[in-house]
Asks: 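Sharing a structure with you now.
Computed from a predicted model, the values in this text were never measured in an experiment. Chain letters run A, B, ... following the sequence lines, proteins first, then strands; residues in each count from 1.
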4 protein chains.
Amino acid sequence: MSSEFQSSQPIYMQIVDRIIIDILQEKQSLGGKMPSVREMAIKMGVNPNTIQRAYSELERMDIVETRRGQGTFVLENDDLLDQLRDSMQKEFIENYVQKMKEIGASNQQMISQLKRYLKEDE
Amino acid sequence: MSSEFQSSQPIYMQIVDRIIIDILQEKQSLGGKMPSVREMAIKMGVNPNTIQRAYSELERMDIVETRRGQGTFVLENDDLLDQLRDSMQKEFIENYVQKMKEIGASNQQMISQLKRYLKEDE
Amino acid sequence: MSSEFQSSQPIYMQIVDRIIIDILQEKQSLGGKMPSVREMAIKMGVNPNTIQRAYSELERMDIVETRRGQGTFVLENDDLLDQLRDSMQKEFIENYVQKMKEIGASNQQMISQLKRYLKEDE
Amino acid sequence: MSSEFQSSQPIYMQIVDRIIIDILQEKQSLGGKMPSVREMAIKMGVNPNTIQRAYSELERMDIVETRRGQGTFVLENDDLLDQLRDSMQKEFIENYVQKMKEIGASNQQMISQLKRYLKEDE
DNA sequence: GTGGTCTAGACCACC
DNA sequence: GTGGTCTAGACCACT
């Protein structure tokens, strides 16, 4: 039962998420060059192998490509970004809805509370 | 920079949250007796001291009281449930909004996406 | 009935009191750094966890703050000293009055005896 | 240094104090019979030997006398009681003054605070 | 080096 | 049986 604690994702996946967010926030421009594995390893404070694995995963997801001798580049795929944004949004919403349900909030309440919060925030 | 990884809350606080949710879901009735420290420790798969600390925190928050030699009891405070529900809702909303902002969603989008999701869910 | 014996406060609370007195006596300056948990543990001859608990209690009372990796510091709150002094004085007076009542002293006697004692003391 | 903690008096002396207070409060009348050693041991939840020692101490202090085959009796010594009352009062006052000094209160303050407290108490 | 958390195991007071 | 306290020793995150 104690297995639920410490439920953090593998570090390389957390890095994948972080990089995707950087791209969505346009801190990493489409078509632009990513930091080298070694650079990124220092910046993130992890082992270069961990970064390598994150980059490989991003390549598998068709988010970046590696060009031998040049480095790793973000693909210029606009649709992809939209898809990523949508899927992350969905994840966040699911998380929100699931937790609100747990404490007994109705759909109406979920929406009205959110609206109220955002208005206060302006 | 590696600091953000493994950023899970302390176990005793996770247990506090879980117990609060149990109370909100009325799995733990107001005025009712909590499992003993030792029982809960076995159920949760953690050390009794960790449960003890969680219970102490709940007592500090005026959610439970301990009666020497008898056990730990949920207070029978009617406002309590509402207060807890509100504060947890706020926490969930803040979490949702912050993450949505990170990937560049506008306030309008946060609301409309949520609505759309909830309708699909019916 | 044997319950009243050995009725000493928990060690960590005794340490809390002692530290508060040190602050009131300005042996611990406002804003100054407290001895580290380990140092204090050796000085007091108790387990570091016991000091940790005392420091946590002091933090809960808004008397000190901890800065990760730096240490524990006394807050620089000018009102703090007055508040602490008042609450401790009240505690001492209550203790005095309660004991005097137990042996049948009147309010008048409590005051006159005290005055007499203080004059002898000059 | 840890020796200062657990600084409680021996149990038999605590019992001596308690009995003296009972006499001062006239719960035990002058000249009256004390409970038997065995009775008192049960009432106090301690070993009869501990009570025996307390009674012996009280006899040494000329507060009680034992009459073979009859039991233990409080002496009818009015002066003694006054002396006891005085010495206990002195102890309480010393304790109060010493603690107030520790946190930097002046003699004037010790008196005025006490007066104020007693008035609120009426 | 700092404090924060967790475990294991002990003893105590109270019911 | 209950919770409350304390110790010893470990590992972690942060500076």
Side-chain angles (χ1 to χ4, degrees), chain A residues 1-6 8 11 14 44-46, chain B residues 1-17 19 32-42 44-60 63-74, chain C residues 1-17 19 32-42 44-60 63-74, chain D residues 1-6 8 11 14 44-46:
Chain A
M1 171 71 94
S2 75
S3 58
E4 304 152 348
F5 304 126
Q6 311 296 353
S8 57
I11 292 178
Q14 295 180 45
M44 294 285 190
V46 299
Chain B
M1 173 66 101
S2 73
S3 58
E4 301 133 343
F5 304 127
Q6 310 295 353
S7 68
S8 58
Q9 270 188 304
I11 293 175
Y12 79 91
M13 283 306 300
Q14 296 178 43
I15 292 172
V16 163
D17 282 348
I19 290 171
K33 185 176 176 308
M34 301 280 299
S36 80
V37 169
R38 290 158 178 86
E39 255 180 279
M40 189 66 109
I42 291 165
M44 293 285 190
V46 300
N47 187 286
N49 282 329
T50 305
I51 302 296
Q52 179 70 270
R53 191 160 180 190
Y55 279 15
S56 298
E57 182 65 17
L58 286 165
E59 186 158 24
R60 202 189 59 71
I63 294 174
V64 304
E65 68 175 351
T66 65
R67 302 182 199 144
R68 286 292 278 266
Q70 294 189 67
T72 303
F73 297 79
V74 183
Chain C
M1 174 66 98
S2 74
S3 59
E4 302 134 342
F5 305 128
Q6 310 296 353
S7 69
S8 57
Q9 268 189 305
I11 294 176
Y12 79 91
M13 283 307 299
Q14 297 180 41
I15 292 173
V16 163
D17 282 347
I19 291 171
K33 187 177 175 305
M34 301 280 298
S36 80
V37 170
R38 291 158 179 84
E39 255 180 279
M40 189 65 109
I42 291 166
M44 293 284 190
V46 299
N47 187 287
N49 281 330
T50 305
I51 301 295
Q52 179 69 270
R53 192 158 180 194
Y55 279 15
S56 298
E57 183 64 18
L58 287 164
E59 186 157 25
R60 203 188 59 71
I63 294 174
V64 305
E65 68 176 351
T66 64
R67 302 182 199 143
R68 284 292 278 267
Q70 294 189 66
T72 303
F73 297 80
V74 183
Chain D
M1 173 68 99
S2 74
S3 57
E4 304 152 347
F5 305 125
Q6 311 296 355
S8 58
I11 291 177
Q14 296 179 44
M44 295 285 191
V46 300

Asks: Could you state the atom-to-atom distance from CE of Met13(C) to P of dC6(F) in whole Å?
Replies: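 To the nearest whole Å, that distance equals 11 Å.
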Asks: Could you tell me how far apart Ile51(B) (CD1) and dG3(F) (C1') are, to the nearest whole angstrom?
Replies: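 Result: 13 Å.
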Asks: Take atom CD1 of Ile11(B) and atom P of dA8(E), then tell me their distance rounded to the nearest Å.
Replies: 11 Å
Asks: Could you list the residues that satisfy side chain to side chain donor-acceptor pair (under 3.5 Å) with Arg68(C), not counting sequence neighbours?
Replies: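 By the side chain to side chain donor-acceptor pair (under 3.5 Å) rule, Arg68(C) matches no residue at all.
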Asks: Rounded to the nearest Å, what distance is computed from the CD atom of residue Gln9(B) to the P atom of nucleotide dG4(E)?
Replies: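 Interatomic distance, CD of Gln9(B) to P of dG4(E): 16 Å.
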Asks: Quick one: stems involving DNA chain E, counted as three or more successive Watson-Crick or G-U pairs, both distances short of 3.5 Å.
Replies: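 Correct response: E:1-14 with F:1-14.
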Asks: Answer yes or no: is there a donor N or O on one side and an acceptor on the other, between the side chain of Gln14(C) and the main chain of Gln9(C), under 3.5 Å?
Replies: yes
Asks: Is the shortest heavy-atom distance from the side chain of Ser56(B) to the side chain of Glu59(B) under 4.5 Å?
Replies: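 Counting from C-beta outward, Ser56(B) and Glu59(B) never come under 4.5 Å.
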Asks: Using whole Å, report how far CD of Glu57(C) lies from C1' of dC6(F).
Replies: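 Spelled out: CD on Glu57(C) to C1' on dC6(F) is 16 Å.
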Asks: Between Asn47(B) and Gln52(C), who's closer to the 5' end of DNA chain E by nearest nucleotide?
Replies: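 The residue mapped nearer the 5' terminus is Gln52(C).
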Asks: Side chain of Glu39(C) only, heavy atoms from C-beta on: which candidate in dT2(E), dA8(E), dC6(F) is closest?
Replies: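 The closest nucleotide is dT2(E).
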Asks: Using only heavy-atom distances, decide whether a donor-acceptor pair under 3.5 angstrom links the side-chain of Arg38(C) to the base of dG1(E).
Replies: no
Asks: Expressed as a whole number of angstroms, how long is the span from Arg53(B):CZ to dT7(E):C1'?
Replies: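 To the nearest whole Å, that distance equals 13 Å.
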Asks: May I ask you to verify if any side-chain N or O of Thr66(C) is less than 4.0 angstrom from the OP1 or OP2 atom of dG3(E)?
Replies: no
Asks: I want to check one thing: is the phosphate of dT7(E), taken as OP1 and OP2, less than 4.0 Å away from some side-chain N or O of Thr50(B)?
Replies: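 For Thr50(B), the contact criterion (side-chain N or O under 4.0 Å from OP1 or OP2 of dT7(E)) is met.
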Asks: State which residues pass salt bridge (Lys or Arg N to Asp or Glu O under 4.0 Å) with Arg38(B); sequence neighbours excluded, sorted by chain then number.
Replies: none
Asks: Over all strands shown, is Ser56(C) touching base, sugar-phosphate only, or nothing at heavy-atom distances under 4.0 angstrom?
Replies: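 No contact.
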Asks: Counting only side-chain N and O atoms of Tyr12(B), is one of them less than 4.0 Å from OP1 or OP2 of dT5(E)?
Replies: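 So the side chain of Tyr12(B) is within the cut-off, an N or O lying under 4.0 Å from OP1 or OP2 of dT5(E).
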Asks: Within this structure, what is the CE-to-P distance between Met40(C) and dG1(E), rounded to whole angstrom?
Replies: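 One finds 19 Å between P of dG1(E) and CE of Met40(C), rounded.
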Asks: Please report, rounded to the nearest Å, how far the C1' atom of dC14(E) is from the CD atom of Gln70(B).
Replies: 9 Å
Asks: Which distance, rounded to the nearest 0.5 Å, do you find between the CG of Asp17(C) and the OH of Tyr12(C)?
Replies: 11.0 Å
Asks: Return the CG to CD1 distance between Leu58(B) and Ile51(B), rounded to the nearest 0.5 Å.
Replies: 10.0 Å
Asks: Of the candidate nucleotides dG3(E), dT5(E), dG9(E), which contains the atom at the shortest distance from the side chain of Tyr55(C)?
Replies: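 Nucleotide nearest to Tyr55(C)'s side chain: dG3(E).
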Asks: Working to the nearest 0.5 Å, report the span between CE of Met34(C) and CE of Met40(C).
Replies: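 Answer rounded to 0.5 Å: 4.0 Å.
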Asks: Within the modelled atom types, does a donor on one side and an acceptor on the other bring the side chain of Asn49(C) and the base of dG3(E) under 3.5 Å apart?
Replies: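 Donor-acceptor pair under 3.5 Å: no.
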